[in-house]
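I have placed the structure first, in the form of structure tokens, so that the comments after it can refer back to it.
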There are 2 protein chains.
Amino acid sequence: MKLTSKGRYAVMALVDLARFDSINPVSLRDISLRQGISLDYLEQIFSKLRKKEIVQSVRGTQGGYVLNKKAREIKLTNIFDAVDEKVKTVQCKKESKKGCTGKLTKCVAHNLWDELEKHINDFFNEKSLEDLVKNNNEKRI
Amino acid sequence: MKLTSKGRYAVMALVDLARFDSINPVSLRDISLRQGISLDYLEQIFSKLRKKEIVQSVRGTQGGYVLNKKAREIKLTNIFDAVDEKVKTVQCKKESKKGCTGKLTKCVAHNLWDELEKHINDFFNEKSLEDLVKNNNEKRI
DNA sequence: ATGATACTTGACTATTTTAGTCAGGTTTAT
DNA sequence: ATAAACCTGACTAAAATAGTCAAGTATCAT
């Protein structure tokens, strides 16, 4: 299973974006400064977010990024999916004759892992970017 | 967050053990053959499980391992903990001045990650080795 | 028009983690 | 005594992670 810095950065950056993009496009430079994330790394991340149509880019001076959907409609699943954070547990080896062949003799862990994966995905499907922004604002009062 | 092959192997091996240890100690060789896990790797894993008193070793010929507790009392949390599979999400960098300082200005992801961690740990705390063995036996009918 | 700002892309890399292997033990039942 | 099985620590190849670096292109403000 993967859930690393890249996913965390994507979430942080998008919450930042959601808080400021109603006025102007937000430049990665600003996000970089506010969130302490390397600009080059942000570019990699936003390239992926753009391809998945989570954000839109505005080129040129005063350019930057804006959300491409309403914050309420952007679920965490979408974000993690976009930056290749697969919420997947390690799969059983296909070559392994013993244990898990995927049919009757599914390995013990297999079912468990499936179950866990579902749990986590449910959690991420419930949470939208809007939830996080709200939560963040409350904490700042 | 970590949830890799080592954790999966530990679970598979212990389920195997739980099914057979009522008669004799189970040798790692047998587990290795049945589950298709390298013997050397199993030894590493069982060394850790023994230190955490999840299994007991029986040395010498006809030796092997037995559970040190009832299957019902061994929770998945204990297993993952023993083999160093930390159910922890990536932490925020302490050096980072921006973002997360851990006090008032906790970074957005921080709360979310905490919440997720709790979710997963709850899931693992509910499941015991006994649950898995039962589940496994049902599937085999 | 032109410079500055900011997006865009792709290649590159150091570090860490993972998933083992290997070698050389010690213990004990038979 | 000897073979089975545990025990320990060091080692390593491959993959993943978390970036950096370089060389662009587009557009706005003036």
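Order of the sequence lines fixes the chain letters, A, B, ..., with proteins taken first and strands second; residue numbering starts at 1 for each chain.
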Can you tell me the distance, in whole Å, between the CD1 atom of A:Ile45 and the C1' atom of C:dA6?
-> 17 Å
Within less than 4.0 Å of OP1 or OP2 of D:dG19, is there a side-chain N or O belonging to A:Tyr9?
-> yes
Determine the contact category for A:Val55: base if any of its heavy atoms lies under 4.0 Å from a base atom, sugar-phosphate if only primed atoms, P, OP1 or OP2 are that close, otherwise nothing.
-> nothing
From NZ of A:Lys51 across to P of C:dT8 the rounded distance in Å is 10 Å
Return yes if the base of D:dT20 and the side-chain atoms of A:Glu43 contain a donor-acceptor N/O pair under 3.5 Å, otherwise no.
-> no
Go through the N and O atoms of the side chain of B:Arg59 and the base of C:dT26, and report whether any donor-acceptor pair is under 3.5 Å.
-> yes
About how many Å separate CD1 of A:Ile54 and CG of A:Leu17, when rounded to the nearest 0.5 Å?
-> 11.0 Å
Below 4.0 angstrom from OP1 or OP2 of D:dA29, is there any side-chain N or O of A:Thr61?
-> no
Contacts of B:Leu39 and A:Phe46 projected onto DNA chain C by closest heavy atom; the upstream (5') one is A:Phe46
Between D:dA18 (P) and A:Leu42 (CG): distance, integer Å | 14 Å
Would you say D:dT8 has OP1 or OP2 under 4.0 Å from some side-chain N or O of B:Arg50?
-> yes
For D:dA18, does either OP1 or OP2 sit under 4.0 Å from a side-chain N or O belonging to A:Thr4?
-> yes
Compare side-chain N and O positions of A:Ser27 against OP1 and OP2 of C:dC7 and report whether any pair is under 4.0 Å apart.
-> no
Can you tell me if NZ on B:Lys69 sees more than 12 non-hydrogen neighbours from other groups inside 6.0 Å?
-> yes
State whether A:Asp114 and A:Lys118 are salt-bridged, where the test is any N-O pair (Lys NZ or Arg NE/NH1/NH2 against Asp/Glu carboxylate O) under 4.0 Å.
-> no
For atom NZ of A:Lys48 and atom P of D:dA18, their distance in whole Å = 12 Å
Any side-chain N or O of A:Ser57 less than 4.0 Å from the OP1 or OP2 oxygen of C:dT8?
-> yes
Here the distance between atom P of C:dA6 and atom CD of A:Gln56, to the nearest Å, is 18 Å
Report yes or no: does B:Asn68 contribute a side-chain atom to a donor-acceptor pair with the main-chain N or O of B:Glu53 at less than 3.5 Å?
-> yes
Give the rounded distance in Å between these two atoms: CZ of B:Arg29 and P of D:dC6.
-> 11 Å
Write down the distance between CD (A:Gln35) and P (D:dG19), rounded to a whole number of angstrom.
-> 14 Å
Rounded distance (Å) that lies between atom C1' of D:dC6 and atom CG of B:Asp40 | 12 Å
Any B:Tyr41 side-chain nitrogen or oxygen under 4.0 Å from OP1 or OP2 of C:dC22 | no
First of B:Leu28 and A:Lys6 reached from the 5' end of DNA chain D, by closest nucleotide | B:Leu28
Ignoring hydrogens and angles, does a donor from either the side chain of A:Gln44 or the base of C:dT8 sit under 3.5 Å from an acceptor on the other?
-> no
Those residues at least two apart in sequence (or on a different chain) that pass side-chain contact (heavy atoms from CB on, under 4.5 Å) with B:Glu115 are A:Phe123, A:Lys127
